[in-house]
Amino acid sequence: MDIGTVNSLSYEDFVDVFGNIVEKCPLVAAAVWSQRPFSNLAQMETAVNDFIDSLTVSGKEGVLRCHPCLAGRELHSGSLTADSREEQRQAGLTSLDPAEAEHLQRLNVQYKQRFGFPFVICARLNDRATIEHRLVERLANEPTQELRLAIEEVKKICRLRLQSLVAWANKL
Ligand SMILES: NC(=O)N[C@H]1NC(=O)NC1=O
């Protein structure tokens, strides 16, 4: 899919295609649709990032809360989005042994209690060891710093999802 095709999508098709570039937040795609035409994909990504940056603190926390916990309840109940499932699979989180899964779950609970939103990290740029390491490290952050870091991870996830979507559509 080239940028001309992206620019020509109706609002409905645009949100159908790009509605999950930020996990369970189709509002992001809905908000940037009216900023077309984009000169290239990077400009679309900038529009998305600017929109996320423009959110209030509670808006950003809301975006984070739309993410499932890594290796959490949704993974086990099969209710993850296809994007999230594939990302967690690539990071090795779908094949944890019970002790690893329990350890990660304990850390996730601690993190959520401390910050009020789930731990978010770009799974495709990490593996199970770095995810656990970063989770322990980030637990020590101040809330303001942690919100900023977590939102940067949302942007990394978004960038890779956008790239995958466009690469996928190019093969059609
Ligand atoms: N909690 C969390 O980080 N979830 C996300 N990370 C990722 O790469 N995909 C997700 O769903």
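Note that ligands are numbered from 1 as they come in the structure, with each ligand's atoms numbered from 1 the same way. Nothing fancy with the numbering, it's 1 onward along the sequence. The structure presented is a predicted model; accordingly, all values stated were derived computationally and were not measured. All values below come from the heavy atoms of this structure, side chains included, with hydrogens, waters and symmetry mates left out.
Taking distance alone, with nitrogen or oxygen atoms compared against 3.5 Å, Ser84 approaches ligand 1 more closely than that limit. Distances between N or O atoms of Cys69 and those of ligand 1 include no value under 3.5 Å. In terms of polar-atom proximity, defined here as any N/O pair under 3.5 Å, Ile157 makes no such contact with ligand 1. Taking only nitrogen or oxygen atoms, main chain and side chain alike, Phe119 reaches within less than 3.5 Å of ligand 1.
Here the side chain of Arg138 pairs no donor or acceptor atom with the backbone of Tyr111 at under 3.5 angstrom. A distance-only check finds a donor-acceptor pair linking the side chain of Glu100 to the backbone of Asp97 [under 3.5 Å].
Short contacts between ligand 1 and Pro68, defined as distances under 4.0 Å to a heavy atom of the residue, involve ligand atoms 1 (N), 2 (C), 4 (N), 11 (O).
Salt-bridge formation is detected for the pair Glu61/Arg65: a Lys NZ or Arg NE/NH1/NH2 atom is positioned less than 4.0 Å from an Asp or Glu carboxylate oxygen.
Ranking the protein heavy atoms by distance from atom 6 (N) of ligand 1 puts Ile121 O, 2.9 Å first. Considering only non-hydrogen protein atoms, atom 8 (O) of ligand 1 sits nearest to Ala123 N, 2.8 Å. The protein non-hydrogen atom at the shortest distance from atom 9 (N) of ligand 1 is Glu87 OE1, 2.6 Å.
In Pro118, neither the side chain nor the backbone holds a heavy atom less than 4.0 Å from any atom of ligand 1.
For Cys122, the heavy-atom gap to ligand 1 drops under 4.0 angstrom.
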